[in-house]
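Notes follow once the structure below has been shown.
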2 protein chains.
Amino acid sequence: MANALTRRLEEYTALSAQDRAELEALAALSTHTIPPRRDLIRQGDTPRSVYLILEGWGCQYRTLADGRRQILDFAVPGDLCDLNLFILDKMDHSIAAITRLKVAEIGREVLHRVVTNSPNITTALWWQELVSKSVLREWIVSVGQRCASERIAHLMCEMFLRMESVGLTNGSSCDFPPTQQDIADATGLTSVHVNRTLQDLRRQGLIVLDRQRLSIPDMPALQAAGQFNPDYLHHRRLKRHSREGRNASEALPLRLTA
Amino acid sequence: MANALTRRLEEYTALSAQDRAELEALAALSTHTIPPRRDLIRQGDTPRSVYLILEGWGCQYRTLADGRRQILDFAVPGDLCDLNLFILDKMDHSIAAITRLKVAEIGREVLHRVVTNSPNITTALWWQELVSKSVLREWIVSVGQRCASERIAHLMCEMFLRMESVGLTNGSSCDFPPTQQDIADATGLTSVHVNRTLQDLRRQGLIVLDRQRLSIPDMPALQAAGQFNPDYLHHRRLKRHSREGRNASEALPLRLTA
DNA sequence: CGTTCAGTTGACCATGATCAAGAGTGGTGG
DNA sequence: CCACCACTCTTGATCATGGTCAACTGAACG
C-alpha cells in the first residue's frame, strides 16, 4: 500500500520496490498529530526536520509587522515541508495546521541517508522542489493579474487536482477545509469579498462548497472561469485533464500510513 | 575579477580555488549576447540549457490567454535560469532580456560534470535554488498584501540589495533598467498607477530614478516605506557572524538523470 | 529631424476594502 | 442532552485604491 508521498513522487518517476519501502519507512519513523490552527514551525526558527503531511491540510504563510497574513501555499497529504533545513539556517515562513494534521517528521540524518542511497528518490525530491516553485509562480500570477472570481476558481481547480493526484478525491468532490478567511489570506482578498464571490460561483453552478467539502460539477467550466491551465503543475497523468473533462475511473482510494 | 556567479555563491559557502576556477570556466564556455526585449526561452519550450546572466537585466514571466503579463522575477548578473532542465520537460515560464544581455549557456553535460566533481558548488546551487524560492514567496506577499507604494518601495529595496550582493552598486545607487510598464507587470499594477506612485516616492525623497539609474538616499526609510525585511534574501553577508558553512559531506547530492 | 517608445496628466469608473451587525453551526461542559 | 459560547458565514452601506481611456510631452536614436 502506497502512502501519499510515494504516490506523488511516482507522478514524476518510476520508483523501485526498494525505493517504495524506503519511503514507507520514512513515513512511519516518527509521526505526530497536530491540532487544528497550531503552528508546526515559525518564521525565524531553525529548521531541524522536514515534515511530510500524512493526513489533513496545512498551510505555509508569512506575516507582516502589522499583522496582515499571506498564505503562500496549502499543504496536503504527500506534500513535503521544507527542504530548507539542509541549507538555510532560519525558516523564512511559518507552517500551520488547518485541520488536525498527521505528519511524519524526517530528521536531517535520515533524509541524508535516503538521498545518498536512492538516486531515484533524490531526483523525485528535486522534481517536487521545482514543481512547488512553479506553483508559487502561479500564485504570483493569480494575485497579480486575476480578478476575485478567477483567483478563487483557480485555487479550487489547483487544490482539486493536487488532491486527485494523491487519490484523495471522490468523483468530482474532495475535502476543502480552509475557512473563507484562509481563502482570503491565500488570494489577497478580504473574507467579506471571498464570501460574496463564493456565492457568485455557487449561483453560476461552478462549485458546491459546504461543510468543508468541495464539489466541482463541471471542471472545464470552472477552469475556464479561473483561466486555469494545469500545465504548471507538471503532473504527468494530468495531460488528459486539459479542458477535455476527466476519466471518472482514475481516482484510486488511498489509505494513509499513520 | 571573479564573476558574479562566484560572488553570489560565496554569499553562501566558501569555495576552493578549484571551485572558483570551475565556475570561471563555466561562465566562459559558451556566451551569447541577446538584444533588449528578446525572449531567451519561451513557456512551453523544452529546456536545453541553463543560462547564467553575466551582464544586463532579464526577467521571468508568464502570460495569460488574454495577453496580461505577470513578471515573476528579475534576473541580474549572477542569477541562474533555470535548473528546470534537469527535471521538467517543458518550461513553465518565459525568460526575456530587458537590457542587452550577456549570458553563458551551460549545457546539461557540463553542469552534470561540475556537480559531480564539486560538492561545494552543488550545495551552493541548492542554496540559490531555495533562496530564489524564498524570493518568490515574498513576491506573493507583495502582490497579495502590500499597497502600491509599498510594493514599489519593496521591489527597489530587493533589487538594490541583490545588485549589491554581486558588487554592482555604487554607493547608494545602481542600474535599474525596467520600464514603468515592467514595474507594473511585476507588481500587479498598471503603468499609469506606477507612474503616479513613483512620483509620490520621489516627492517624499525616498528614491531618485532617472535614466535607468536608481538612487536610494535613505535606505532605512525606503525599507520602512516598503515594509521591507531583508531576512528572506538569506544573504549571509548581511549578518556578519553567522556560523561556518556546513561541511561538504552533508551536502544533499544533486542527482542528474539524463 | 522625424519616428518611436517611455513617461505624464486628467477625468471618470469599478473592483474590492472597510465597518458593523446579525445568523448559522459545531463543540463543550454543566 | 441541552445551553451556551466561539467561530465562521452572511448581509448592507459606504468608501478608497487603483483601473481605464485618451491625449499629450519628452527623450533617444537612426
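Lettering of chains follows the sequences in order, A, B, ..., and the numbering in each one begins at 1.
Look at CD1 on A:I98: it is 17 Å from P on D:dC7, rounded to the nearest Å. If you measure from atom CZ of B:R203 to atom P of C:dT8, you get 11 Å, rounded to the nearest angstrom. Atoms CG (B:D182) and C1' (C:dA6) sit 11 Å apart, rounded to a whole Å. Following rounding to the nearest Å, B:Q212 (CD) and C:dC5 (P) show an atom-to-atom distance of 15 Å. C:dG24 atom P lies 19 Å from atom CG of A:L209, rounded to whole Å. Between the CD1 atom of A:I152 and the P atom of D:dC9 there is a distance of 12 Å, rounded to whole Å. Here the P atom of nucleotide D:dT8 and the CG atom of A:L198 are 15 Å apart, to the nearest Å. Between the CZ atom of A:R37 and the C1' atom of D:dC7 there is a distance of 10 Å, given to the nearest Å.
The stretch residues 183-227 of chain A participates, sequence neighbours left out, in no ring pair (Phe, Tyr, Trp, His ring centres under 6.0 Å) pair at all. For residues 201-212 of chain B, the set of pairs meeting the side-chain hydrogen bond (donor to acceptor under 3.5 Å, both in side chains) definition, not counting sequence neighbours, comprises B:D200-B:R203.
Residue A:Q180 places at least one side-chain N or O closer than 4.0 Å to OP1 or OP2 of D:dT10.
Between the side chain of A:R7 and the backbone N or O of A:S165, at least one donor-acceptor pair lies under 3.5 Å.
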How would you summarise protein contacts on nucleotides 11-27 of chain D per nucleotide, using B for base, S for sugar-phosphate only and - for none, with heavy-atom distances below 4.0 Å? BBB----BSBB------
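Within residues 59-77 of chain B, no residue is approached by DNA chain C to less than 4.0 Å at the level of any non-hydrogen atom.
For B:D79, the salt bridge (Lys or Arg N to Asp or Glu O under 4.0 Å) partners at least two apart in sequence or on another chain are B:R8, B:R162.
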For residues 170-179 of chain B, dump all side-chain donor-acceptor pairs below 3.5 Å to protein atoms at least two apart in sequence or in another chain.
| unit_1 | atom_1 | unit_2 | atom_2 | d |
| --- | --- | --- | --- | --- |
| B:S173 | OG | B:N170 | O | 3.3 |
| B:S173 | OG | B:R213 | NH2 | 3.4 |
| B:D175 | OD1 | B:R213 | NH1 | 2.8 |
| B:T179 | OG1 | B:Q181 | N | 3.3 |
| B:T179 | OG1 | B:D182 | N | 3.0 |
| B:T179 | OG1 | B:D182 | OD2 | 3.2 |

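Of the residues listed (A:W139, A:F160, A:Y232), the one engaging A:H154 in a ring pair (Phe, Tyr, Trp, His ring centres under 6.0 Å) is A:Y232, and it is the only one.
Applying the 6.0 Å contact sphere to CZ of B:R38 captures no more than 12 heavy atoms from other residues, nucleotides or ligands.
Checking A:D39 against A:S94 by side-chain atom types alone, no donor-acceptor pair falls below 3.5 Å.
Between A:D82 and B:R137, at least one side-chain N (NZ, or NE/NH1/NH2) sits under 4.0 Å from a carboxylate O, which counts as a salt bridge.
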